[in-house]
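Numbering of ligands and ligand atoms starts at 1, following listing order.
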Amino acid sequence: MATSHDVLVIGGGPGGYVAAIKAAQYGLNVGCIEMEKVLGGTCLRIGCIPSKGLLESTERLHQAQNEFADHGINVSSVKVDLAKMHARKDKTVGELARGIDELFRRSKITRYLGVGRFLSPSKVTVVGTGEEIQAKHVIIATGSKSATLPGIELDGERVGTSTEALNYPEVPKEMIVIGAGAIGLELGSVWQRLGAKVTVLEYLDRILPEMDDEIAASALRIFTKQGIIFKLGSRVTSAKKDGRRAIVTCDGAPPMSADRVLVSVGRTPNTEGLGLEVIGIETDKRGRIPTNEHFQTTVPGVYAIGDVIAGPMLAHKAEDEGAAVAEFIATGYGHVNYMAIPSVVYTSPEIASVGFTEKQLQEKEIPFKKGKFPFIANGRAKVLGDTSGMVKVLAHAETDRLLGVHIINNRAGDLIAEATAAIEFAATAEDVARTTHAHPTLPEAIKEAAMAVHNQAIHM
Ligand SMILES: Cc1cc2nc3c(=O)[nH]c(=O)nc-3n(C[C@H](O)[C@H](O)[C@H](O)COP(=O)(O)OP(=O)(O)OC[C@H]3O[C@@H](n4cnc5c(N)ncnc54)[C@H](O)[C@@H]3O)c2cc1C
């Protein structure tokens, strides 16, 4: 006999596990099928958390090698124990994964280990164990996997994805990163700080295509100064293992070789083996499951959230969709404000953004004013010894409502939270400018940039 649930979630990543917990909070009987032993999905196992672990460790290394002396702290010799660095990162992942297990246990969510496959819109089998699970509502939260390009031969060793780049057992002498998006730049930075000569090949004539042009151009200058080599406008035609090295070819350029190649050209939704064809769901041309604003697919009772649907492939976007879909199932309400989803690149400096870029506003013909404030004029940035970067605030030219905030600074990822809350609450630039900010803090630069929208910055 089939087990039965009010809600069955397929996929235990940030979208799926949050949807499961939230649905349980509404008193629903919830099951979750996850094919990996560890819950937490791409984000926890092979994404956000391990990459930030390595970024944190290597940033400390960089500081010890280059910045401590300025503070009068002399460290005679700094040595890297890469195995220990990896172990620390893995320990963090393990602890957080056990935390989700505990949350599931407390929420009385039934966990199924295996691949979920639809038998009908309300019945899913766990491939391998053969269990059949009946559910009134099924949420697809199967996430995404690394994309690749024609001509690239992933061998999982010399030519690999972010999953391999999180675990190189030794520091490559030379590393080629294909794709100058967030993942490529973060992991390129990690290995560059550890001593690799890193070359980034990017098809476009810029890095970080989703980010504000001016901020991305500023980031490019800073990363280049740090020693990362950028070859923009490079169309990669092949990459393959060549003995203990790899060879990469690009249109109109001599072949390049490196110890390791990281292919970071985006991610594709995970729908293979789900049996979507059995229930009549067709994916769009990018392989995503189409949904309406309530995350309902074309099949009644079947929903989809996270990386497997349209929108930015970000953990917090997946989480908020997970919470919203559970709320919708339980109450008939629940939505996500896509205007207020921040995006962060955790390089040094960090790059963070929320709302529209200048270019998007120009394309939409929305009149706007902008205010900028550089961290060089911020007292806390001076004390921290890190005055690079700026805040840019974009506000509607007539209503003054905040339309976008873009920050480049080592703590931009934390700073963007204030701007996100302001946009969520439909604040104006004046609201932010009139809000008291503690001194001396980095967020004062956001206040000053908001004042600069009306040419009223004090410290500039
Ligand atoms: C290196 C890297 C760094 C990243 N850094 C960040 C970051 O700093 N911040 C950020 O916001 N985002 C980051 N991301 C993106 C983030 O990881 C994803 O946006 C997020 O994990 C998407 O969540 P999800 O729940 O939709 O899918 P996923 O996290 O991909 O989870 C889907 C889960 O479904 C399971 N699954 C798939 N198919 C089935 C099936 N048929 N049956 C059962 N289980 C199945 C998978 O095993 C997986 O556990 C990063 C990604 C990578 C690769």
Which value, rounded to the nearest 0.5 Å, describes the distance between Lys317 atom NZ and Glu321 atom CD? 3.5 Å

Asp259 pairs by side-chain contact (heavy atoms from CB on, under 4.5 Å) with which of Met175, Glu170, Arg244, Arg158? Arg158

Test side chain to side chain donor-acceptor pair (under 3.5 Å) applied to Lys91 - qualifying residues, sequence neighbours left out: Glu95

Between ligand 1 and the protein, give all atom pairs where both partners are nitrogen or oxygen and the distance is under 3.5 Å, as lines of names plus distance to 0.1 Å.
{"unit_1": "ligand 1", "atom_1": "5 (N)", "unit_2": "Lys52", "atom_2": "NZ", "d": "3.3"}
{"unit_1": "ligand 1", "atom_1": "8 (O)", "unit_2": "Lys52", "atom_2": "NZ", "d": "2.6"}
{"unit_1": "ligand 1", "atom_1": "11 (O)", "unit_2": "Ala315", "atom_2": "N", "d": "2.8"}
{"unit_1": "ligand 1", "atom_1": "11 (O)", "unit_2": "His316", "atom_2": "ND1", "d": "3.3"}
{"unit_1": "ligand 1", "atom_1": "12 (N)", "unit_2": "Ala315", "atom_2": "N", "d": "3.4"}
{"unit_1": "ligand 1", "atom_1": "17 (O)", "unit_2": "Cys43", "atom_2": "N", "d": "3.4"}
{"unit_1": "ligand 1", "atom_1": "19 (O)", "unit_2": "Asp307", "atom_2": "OD1", "d": "2.9"}
{"unit_1": "ligand 1", "atom_1": "19 (O)", "unit_2": "Asp307", "atom_2": "OD2", "d": "3.2"}
{"unit_1": "ligand 1", "atom_1": "19 (O)", "unit_2": "Met313", "atom_2": "O", "d": "3.3"}
{"unit_1": "ligand 1", "atom_1": "19 (O)", "unit_2": "Leu314", "atom_2": "N", "d": "3.2"}
{"unit_1": "ligand 1", "atom_1": "19 (O)", "unit_2": "Ala315", "atom_2": "N", "d": "3.4"}
{"unit_1": "ligand 1", "atom_1": "21 (O)", "unit_2": "Cys43", "atom_2": "N", "d": "3.3"}
{"unit_1": "ligand 1", "atom_1": "25 (O)", "unit_2": "Pro14", "atom_2": "N", "d": "3.4"}
{"unit_1": "ligand 1", "atom_1": "25 (O)", "unit_2": "Gly15", "atom_2": "N", "d": "2.9"}
{"unit_1": "ligand 1", "atom_1": "26 (O)", "unit_2": "Asp307", "atom_2": "N", "d": "2.9"}
{"unit_1": "ligand 1", "atom_1": "29 (O)", "unit_2": "Thr42", "atom_2": "N", "d": "2.9"}
{"unit_1": "ligand 1", "atom_1": "30 (O)", "unit_2": "Thr42", "atom_2": "OG1", "d": "2.6"}
{"unit_1": "ligand 1", "atom_1": "41 (N)", "unit_2": "Gly116", "atom_2": "O", "d": "3.2"}
{"unit_1": "ligand 1", "atom_1": "42 (N)", "unit_2": "Gly116", "atom_2": "N", "d": "2.8"}
{"unit_1": "ligand 1", "atom_1": "44 (N)", "unit_2": "Met35", "atom_2": "N", "d": "3.2"}
{"unit_1": "ligand 1", "atom_1": "47 (O)", "unit_2": "Glu34", "atom_2": "OE2", "d": "2.7"}
{"unit_1": "ligand 1", "atom_1": "49 (O)", "unit_2": "Glu34", "atom_2": "OE1", "d": "2.7"}
{"unit_1": "ligand 1", "atom_1": "49 (O)", "unit_2": "Glu34", "atom_2": "OE2", "d": "3.1"}

Taking only residues two or more places apart in sequence, or in another chain, which ones meet Tyr168 in a ring pair (Phe, Tyr, Trp, His ring centres under 6.0 Å)? Trp191

Side-chain donor-acceptor pairs under 3.5 Å in residues 114-122, sequence neighbours left out?
{"unit_1": "Arg117", "atom_1": "NH1", "unit_2": "Gly273", "atom_2": "O", "d": "3.4"}
{"unit_1": "Ser120", "atom_1": "OG", "unit_2": "Ser122", "atom_2": "N", "d": "3.3"}
{"unit_1": "Ser120", "atom_1": "OG", "unit_2": "Lys123", "atom_2": "N", "d": "3.2"}
{"unit_1": "Ser122", "atom_1": "OG", "unit_2": "Gln134", "atom_2": "NE2", "d": "3.4"}

Are Gln226 and His62 close enough, and set up right, to give a side chain to side chain donor-acceptor pair (under 3.5 Å), and what steps lead you there? CA-CA 11 Å; Gln226 288 171 1; His62 173 85; over 6 Å; no

